[in-house]
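Beneath this line is the structure, given in structure tokens, with notes to follow.
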Number of protein chains: 2
Amino acid sequence: MRDFLPEQAKKKQFIEDFLRRIFERYGYEPIQTPIVEEFELLSAKGSGGEAIKEEIYYFKDKSDRELGLRYDLTVPLARIVASNPAMLKPFKRYCIGQVYRYDKPQARRYREFTQADVDIVGAKSVLADFESIQIAIDVMRGLGLDFAIKINNRQVLEELAKKCGVPDDKIKECFRAIDKMDKIGKNEVVKELKAKGIPEKIMHEIETNSFERVKDIIGETEGMKNLERLLELSKESNYKEVIFDISLARGLEYYTGNVFEISIRDGPSVGGGGRYDKLIEVYGGLPTPAVGISFGVDRLYDALASTLTIEQEADIFVAAFSEKDENALLSFSSSLRKIGVGVEIDLIGRNIRKNVEYASKKGLRFFAVIGENETKSGKIKIKGLKNNVEKEFEIKDLKGIAEFIKNEK
Amino acid sequence: MRDFLPEQAKKKQFIEDFLRRIFERYGYEPIQTPIVEEFELLSAKGSGGEAIKEEIYYFKDKSDRELGLRYDLTVPLARIVASNPAMLKPFKRYCIGQVYRYDKPQARRYREFTQADVDIVGAKSVLADFESIQIAIDVMRGLGLDFAIKINNRQVLEELAKKCGVPDDKIKECFRAIDKMDKIGKNEVVKELKAKGIPEKIMHEIETNSFERVKDIIGETEGMKNLERLLELSKESNYKEVIFDISLARGLEYYTGNVFEISIRDGPSVGGGGRYDKLIEVYGGLPTPAVGISFGVDRLYDALASTLTIEQEADIFVAAFSEKDENALLSFSSSLRKIGVGVEIDLIGRNIRKNVEYASKKGLRFFAVIGENETKSGKIKIKGLKNNVEKEFEIKDLKGIAEFIKNEK
């Protein structure tokens with residue numbers, strides 16, 4: 001787990017605000033759910049499963065209730081939808097919040113991290129899947145990142161596995177092995193498949209990665225149609241970043257249809273998602289189709305931290321010449337804030353040189369001192385800290401000062 | 001713990017955004033720290049103390065490390081300041097995040113709640129205390145709430161207790177009893193004081209609540225000067241909501257000087273704070289003065305939920321006339337979003353009546369359908385959902401459509 005100090009927190013916040021704006025532009029609305037959930041919920045069969053205990057923060061409270069910290073934002077969403085059957089559909093929600101995994105710490109992996117999820121509940125059309133892709137494109141292009149979005153379909157992968165002679169009871173293991181391709185490499189995956197008695201033919205098809213070939217092998221199935229339509233829509237929108245990848249399995253068990261994964265070009269995965277039409281039922285809800293995509297805010301932060309610069313929110317630093325000018329300082333600074341100017345004042349009574357140093361380090365753009373001269377003459381000088389501008393104003397001319405600060409860079 | 005569904009989450013988010021804007025206007029910068037902290041940190045002497053274990057979520061992780069969920073945002077701040085001695089001072093940070101208390105559930109009290117804190121570290125001037133008050137005034141007036149801010153000083157209260165004959169070793173107990181005044185009433189507090197062998201005289205002074213009288217009794221002490229200056233500054237700024245209250249003790253042990261509490265008029269406390277000049281040392285830092293104020297976002301939400309209305313972020317709902325018009329729908333909606341219009345599209349293929357019903361329920365303001373007629377003629381009708389306006393545009397005239405949506409209410 002890590003702290004975000006101001007320089008970092010401002011960048012992280014910028015990314016979160018940016019995501020929010022895009023989500024809202026598509027008609028998604030926020031929800032917030034607790035970080036602590038019942039363990040029973042987190043470990044439900046068809047969702048996390050009992051095995052999840054090893055991967056999460058699990059504990060009992062003082063009345064011996066089994067609890068855990070949420071490991072994603074999808075399970076709480078499914079709980080809410082299941083327990084509110086009358087909810088207006090499609091339910092389009094976004095959620096930005098911390099989730100927890102008790103992994104062995106690795107480089108660029110954190111035990112506490114922030115996810116930003118958008119999901120559509122109650123729409124089975126591929127248009128809904130495509131909206132996840134549209135949003136991913138808007139986010140990644142908007143943030144100026146070089147990226148790719150891999151697309152596949154769980155049904156298609158399963159059908160292909162069957163056609164390649166993978167026995168039904170080994171399909172899950174087969175996916176889990178294939179899913180490790182990026183991490184452990186092809187040779188290790190082949191070894192693992194062999195050890196598990198899974199025919200190597202599936203590896204051959206995966207290596208070939210030809211959409212037409214896969215289509216020939218399995219035919220016009222429902223999964224195939226959904227995958228094909230998603231690729232078609234991406235092509236029509238000129239989304240060159242979207243690529244078919246038959247090896248994409250996505251670890252989570254609850255996916256049922258199209259799946260996607262966003263990666264920085266030659267870099268890590270920064271998000272992914274897919275269709276999960278059975279998960280709401282796991283939590284006692286009616287059969288309800290659902291699809292969504294999740295962005296790893298920490299991964300995006302890591303990709304952007306070194307290049308992103310955020311403007312300081314306060315615009316001007318104002319100091320009193322001496323202690324008896326404090327009232328004048330307070331009155332001037334409050335009046336400026338009232339018309340929307342960000343003002344930081346000297347709270348320490350330092351000399352001008354030290355104040356200028358502090359204000360410059362903090363990235364403020366303007367500086368002023370208020371003392372006896374100023375209150376007597378009714379005039380104050382506003383100085384630029386990033387350049388050498390200096391202009392005198394009537395203290396009462398707040399609008400003029402605000403204009404100047406806004407326009408002069 | 002509670003869920004915030006969209007209608008609620010949008011209001012909560014509005015309040016958080018509003019707080020953030022005010023904090024930033026005063027030159028505060030964000031930080032984010034983990035929700036899980038070492039138990040040793042949370043239970044340090046002079047901070048939470050060992051007894052805190054009963055009041056928080058405490059657990060051990062798989063390697064038997066003692067952990068807890070943070071119960072406030074001040075302790076993590078103190079940790080950060082203590083471990084970064086080179087930090088630019090004054091360090092002005094804000095933090096908005098969830099904290100956890102394992103209380104018995106009560107009405108209007110939650111085990112998970114959101115706090116929004118502003119703190120100044122490294123400034124001992126009363127100007128810094130006053131900035132907490134200024135921010136509280138801006139927040140509460142800005143949210144349109146009827147409120148009062150009680151002010152007192154821990155040193156003054158301690159000195160008064162001593163003058164009233166309260167023995168040194170009973171001062172803490174005495175404060176704790178007085179702090180319950182609002183909850184259990186005067187009679188119960190007097191009973192408790194008697195039972196503890198604390199002289200009743202202190203109760204008499206508290207009831208009288210006269211600043212001049214207290215000043216006469218204890219004289220011009222440092223605490224008195226700080227309190228007096230804070231009241232003076234409030235008066236000069238015409239803050240009629242600020243009132244002296246000698247009974248205000250504030251439970252937390254770490255306060256050392258001026259303390260404040262914000263309450264809704266005839267309602268609950270929605271925040272508070274004060275000066276804590278010793279806390280950074282508790283965490284191994286250099287002696288560093290600090291002061292801040294904390295807003296209970298859930299309390300503010302409860303006070304505002306019934307009156308606040310938030311506009312829907314997406315502006316227009318667009319549906320395809322039939323499945324073969326989907327591409328035209330996607331192209332039109334994407335183009336509008338690119339120039340900043342919020343667009344939600346039909347993802348279900350419903351009929352027009354049902355789509356209008358859905359869009360109206362969700363609070364969208366405009367509606368349009370795109371089909372063969374529209375693509376052939378190159379024209380589309382934009383209809384108002386909140387009134388009867390209707391206007392036809394060239395499909396290509398995106399700017400005209402955006403203008404219309406922006407200006408027509």
Side-chain angles (χ1 to χ4, degrees), chain A residues 1-6 9-10 12-13 24-27 29-36 57 59-62 69 80 84 88 90 92-93 98 100 102 112 120 122-123 125 127-128 130-131 134 138 233 236-237 313-314 317 326-327 330 334 337 342-345 347-349 358 361-362 364, chain B residues 1-6 9-10 12-13 24-27 29-36 57 59-62 69 80 84 88 90 92-93 98 100 102 112 120 122-123 125 127-128 130-131 134 138 233 236-237 313-314 317 326-327 330 334 337 342-345 347-349 358 361-362 364:
Chain A
M1 303 201 187
R2 58 172 164 176
D3 295 320
F4 289 85
L5 295 183
K10 279 193 272 183
K12 182 159 180 262
Q13 211 163 66
E24 287 175 351
R25 195 171 290 166
Y26 282 82
E29 300 182 301
I31 68 167
Q32 287 185 21
T33 66
I35 282 166
V36 180
Y57 282 90
F59 55 97
K60 288 181 181 177
D61 76 1
K62 279 148 199 123
L69 302 186
I80 280 186
N84 291 279
L88 190 65
K92 295 176 72 172
R93 85 87 180 80
Q98 290 109 306
Y100 298 81
Y102 192 75
E112 177 186 63
I120 301 168
S125 158
L127 276 188
F130 184 61
E131 197 160 282
Q134 288 182 289
D138 284 5
L233 287 169
E236 271 151 20
S237 288
E313 293 288 342
F317 189 95
E326 277 181 1
N327 289 349
L330 288 173
S334 296
R337 282 190 201 110
V343 188
E344 178 161 354
I345 65 168
L347 295 167
I348 297 196
Y358 168 86
K361 269 193 192 156
K362 230 182 133 173
L364 283 107
Chain B
M1 304 201 185
R2 59 174 164 173
D3 295 320
F4 288 84
L5 295 182
K10 279 192 271 181
K12 183 160 179 262
Q13 210 164 67
E24 287 174 352
R25 195 170 292 166
Y26 282 81
E29 300 182 302
I31 68 167
Q32 286 184 23
T33 65
I35 282 166
V36 179
Y57 282 90
F59 55 96
K60 289 181 182 174
D61 75 1
K62 277 148 200 120
L69 303 186
I80 280 186
N84 292 279
L88 189 64
K92 297 175 69 171
R93 85 88 179 80
Q98 288 110 306
Y100 298 80
Y102 192 74
E112 177 186 65
I120 302 167
S125 159
L127 276 188
F130 184 62
E131 196 159 283
Q134 289 182 288
D138 284 4
L233 287 169
E236 270 151 20
S237 289
E313 293 288 342
F317 188 95
E326 277 180 1
N327 289 348
L330 288 173
S334 296
R337 282 192 201 107
V343 188
E344 178 162 353
I345 65 167
L347 296 167
I348 298 196
Y358 168 86
K361 270 194 192 156
K362 232 182 131 174
L364 283 106

Between [options], who has the most heavy-atom pairs with chain B when the cutoff is under 4.5 Å?
{"options": "Pro30(A), Ser237(A), Ala9(A)", "result": "Pro30(A)"}
{"options": "Lys362(A), Gln98(A), Glu131(A), Lys60(A)", "result": "Lys362(A)"}
{"options": "Tyr57(A), Tyr358(A), Phe130(A), Tyr100(A)", "result": "Tyr358(A)"}
{"options": "Glu112(A), Arg25(A), Lys361(A), Glu344(A)", "result": "Arg25(A)"}
{"options": "Leu69(A), Ile120(A), Ile35(A)", "result": "Ile35(A)"}
{"options": "Asp138(A), Ile345(A), Thr33(A), Leu330(A)", "result": "Leu330(A)"}

For Glu326(B), check side-chain contact (heavy atoms from CB on, under 4.5 Å) against everything at least two apart and list the hits. Leu127(A), Arg229(A), Glu323(B)
Tell me every residue that passes side-chain contact (heavy atoms from CB on, under 4.5 Å) with Pro6(B), counting only those two or more places apart in sequence or in another chain. Glu29(A), Ile31(A), Phe91(A)
Chain A interface, residue from Gly349(B), Gly27(B), Pro90(B), Gly122(B) that has the most non-hydrogen pairs under 4.5 Å: Pro90(B)
If you tally heavy-atom pairs under 4.5 Å between each of Gln134(B), Gln13(B), Lys10(B), Glu236(B) and chain A, the highest tally belongs to Gln13(B)
Contact class of [X] relative to chain A, heavy atoms under 4.5 angstrom:
{"X": "Phe317(B)", "value": "neither"}
{"X": "Leu364(B)", "value": "neither"}
{"X": "Arg337(B)", "value": "both"}
{"X": "Ile348(B)", "value": "side chain"}

Under a 4.5 Å cut-off applied to non-hydrogen side-chain atoms, are Val36(B) and Asp61(B) in contact? no
Measure across Lys92(A) and Tyr26(A) and return the closest heavy-atom pair with its distance rounded to 0.1 Å. NZ-O, 2.7 Å
So, taking the atom named CD in Gln32(A) and the one named CZ in Arg93(A), what distance separates them when rounded to the nearest 0.5 Å? 11.5 Å
